[in-house]
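Worksheet: the structure to be examined is printed underneath.
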2 protein chains.
Amino acid sequence: MGVKERKERDRQEMREIILKSAYKLFLERGFDDVSIRNVAEAIEYSPATIYLYFKDKNEIIHALHRQAFEMLNKQFQPLAKIADPFARLSEMGKAYIKFAIKNAEMYKLLFIRSEPMEHLANCQETEWKEGDMAFDALAQTVAQCQQKGYFKNFDTHQFSMMTWSFTHGLCALRLSGHLGRVKEERESNRKLDQIMNETLSTFIQTLQKLKK
Amino acid sequence: MGVKERKERDRQEMREIILKSAYKLFLERGFDDVSIRNVAEAIEYSPATIYLYFKDKNEIIHALHRQAFEMLNKQFQPLAKIADPFARLSEMGKAYIKFAIKNAEMYKLLFIRSEPMEHLANCQETEWKEGDMAFDALAQTVAQCQQKGYFKNFDTHQFSMMTWSFTHGLCALRLSGHLGRVKEERESNRKLDQIMNETLSTFIQTLQKLKK
DNA sequence: GCATTTTTATAAACACTGTTTAGTATTTTA
DNA sequence: TAAAATACTAAACAGTGTTTATAAAAATGC
């Protein structure tokens with residue numbers, strides 16, 4: 001009588017196959033240039049079959065969104081062992097930027113696209129575990145910095161929001177192509193990666209001076 | 001023999017009509033939900049006619065992109081009369097955020113969408129007057145702050161990049177719907193506008209402490 | 001003024017998109 | 001083995017950006 005269980009396993013397996021294929025195609029061609037038909041062709045099923053396993057394209061997006069968040073959180077895990085919280089904060093910034101550059105399409109999915117957030121809102125999900133986990137890692141580090149005397153008289157949450165806004169802004173400008181269009185960067189022959197590192201350094205320097 | 005001149009005027013007029021209609025529809029429905037056919041219907045011409053005046057949809061986007069930049073630069077103009085450069089910098093941040101919230105679709109066009117930048121690259125345009133103007137307004141203010149003793153030992157350009165990254169990041173997170181999904185913000189009943197202002201304040205405070 | 005060339009506009013088509021429906025195989029259950 | 005449930009798909013629907021062939025209108029040359 002394990003039929004139902006096996007069917008459920010098969011179902012999840014098929015979902016995984018679809019997601020894996022979609023993920024691969026998204027990385028290759030970018031998000032907007034992959035259609036349901038492309039995914040169907042890749043897994044050698046008809047387009048309609050996809051809709052037996054996912055409500056619509058947004059549900060696929062959202063599933064990948066969760067996976068991408070797990071990837072990002074994994075990038076942060078090794079940094080937990082850095083004892084000095086300020087050094088850790090700095091390395092988190094670097095890791096964040098590195099992730100955004102290396103996984104551009106995934107980063108867009110995580111933080112730039114509106115669809116995943118809209119899907120979340122449509123599902124009436126009030127929680128958002130993956131997102132909270134990533135932000136908490138930042139907020140905790142900020143809190144520990146404050147315990148060590150940095151950023152005194154700042155609200156921990158507000159301060160964390162600020163650092164996230166900065167780092168995201170830098171990544172977003174890079175991925176949208178705006179960074180390379182700034183006059184100074186156009187005319188210099190510095191690589192975009194270098195520009196980003198320098199801008200991050202400027203921010204870290206700024207924070208460093210806040211140690212009372 | 002002024003026929004050619006009149007025809008050129010008519011041509012520009014038609015381009016304006018198309019742009020005006022497209023702009024209106026974009027504001028109403030958002031960018032992705034307006035098709036060439038919608039624009040054509042609004043101006044009571046066939047879709048193919050649009051292609052006699054614009055190479056493709058991207059050229060329309062780019063034309064609106066330029067107009068949006070002029071709008072943004074106009075928002076900054078009144079701030080030029082603020083004598084204290086630090087106060088001006090602060091007000092520029094506020095004006096920037098206000099613009100992003102009030103003209104969400106235009107902001108997306110300006111700084112989030114990749115298409116306008118891609119179009120710029122495809123045209124082999126090396127210059128970017130509108131963009132430079134906006135950034136220069138920021139860089140000049142930063143430079144004047146430095147003359148007054150703020151942000152000493154920082155590179156003007158790097159520092160300007162940092163402030164832009166922060167402000168853009170904040171706006172981008174808001175417009176993509178991520179801001180309202182942060183745990184603390186979910187659970188508080190503060191308005192998103194208020195959150196943004198508080199985060200900006202935190203940033204301004206941070207900068208203020210950099211006055212040697 | 002009339003024929004010829006140039007310009008302007010469009011209907012229809014092309015190759016796509018996400019998604020739904022109706023119908024056919026296959027598998028499970030009774 | 002017959003009935004019910006499940007898995008799958010071909011075809012269609014309504015839309016997208018864009019191109020092409022064709023018809024109407026306007027400007028030009030004689």
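No experiment lies behind these values; they were computed from the predicted model shown. Note on naming: letters A, B, ... go to the chains in the order of the sequence lines (proteins, then strands), and numbering restarts at 1 for each one.
Applying a 4.0 Å cut-off to non-hydrogen atoms, none of the residues of residues 104-111 of chain A approaches DNA chain D.
Residues that satisfy the side-chain hydrogen bond (donor to acceptor under 3.5 Å, both in side chains) test with B:Ser21, not counting sequence neighbours, are absent from this structure. Applying the ring-ring contact (aromatic ring centres under 6.0 Å, His included) test to B:Tyr53 and every residue at least two apart in sequence or in another chain returns nothing. With sequence neighbours excluded, the residues forming a ring-ring contact (aromatic ring centres under 6.0 Å, His included) with A:Phe159 are A:Phe151, A:Phe154, listed by chain and number. Under the side-chain hydrogen bond (donor to acceptor under 3.5 Å, both in side chains) criterion, B:Glu115 pairs with B:Arg113, sequence neighbours left out. Scored by the ring-ring contact (aromatic ring centres under 6.0 Å, His included) test, A:Tyr51 finds no partners at all (sequence neighbours excluded). A:Ser46 meets the side-chain hydrogen bond (donor to acceptor under 3.5 Å, both in side chains) test with A:Thr49; sequence neighbours excluded.
In this structure, NZ of B:Lys55 is placed 15 Å from P of D:dG17, rounded to the nearest angstrom. D:dT6 atom P lies 12 Å from atom CD of A:Glu8, rounded to whole Å.
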Could you run down nucleotides 8-18 of chain C 5' to 3' and tag each one B, S or - for protein heavy-atom contact under 4.0 Å?
-> SBBB-B---BB

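Among residue pairs with one or both ends in residues 183-194 of chain B, those qualifying as side-chain hydrogen bond (donor to acceptor under 3.5 Å, both in side chains) are A:Asp132-B:Arg186, A:His157-B:Glu185, B:Arg174-B:Asp193, B:Glu185-B:Arg190, B:Ser188-B:Arg190, B:Arg190-B:Glu198, B:Gln194-B:Glu198; sequence neighbours excluded.
The pair B:Lys108-B:Glu105 meets the salt-bridge criterion, since a charged nitrogen lies less than 4.0 angstrom from a carboxylate oxygen.
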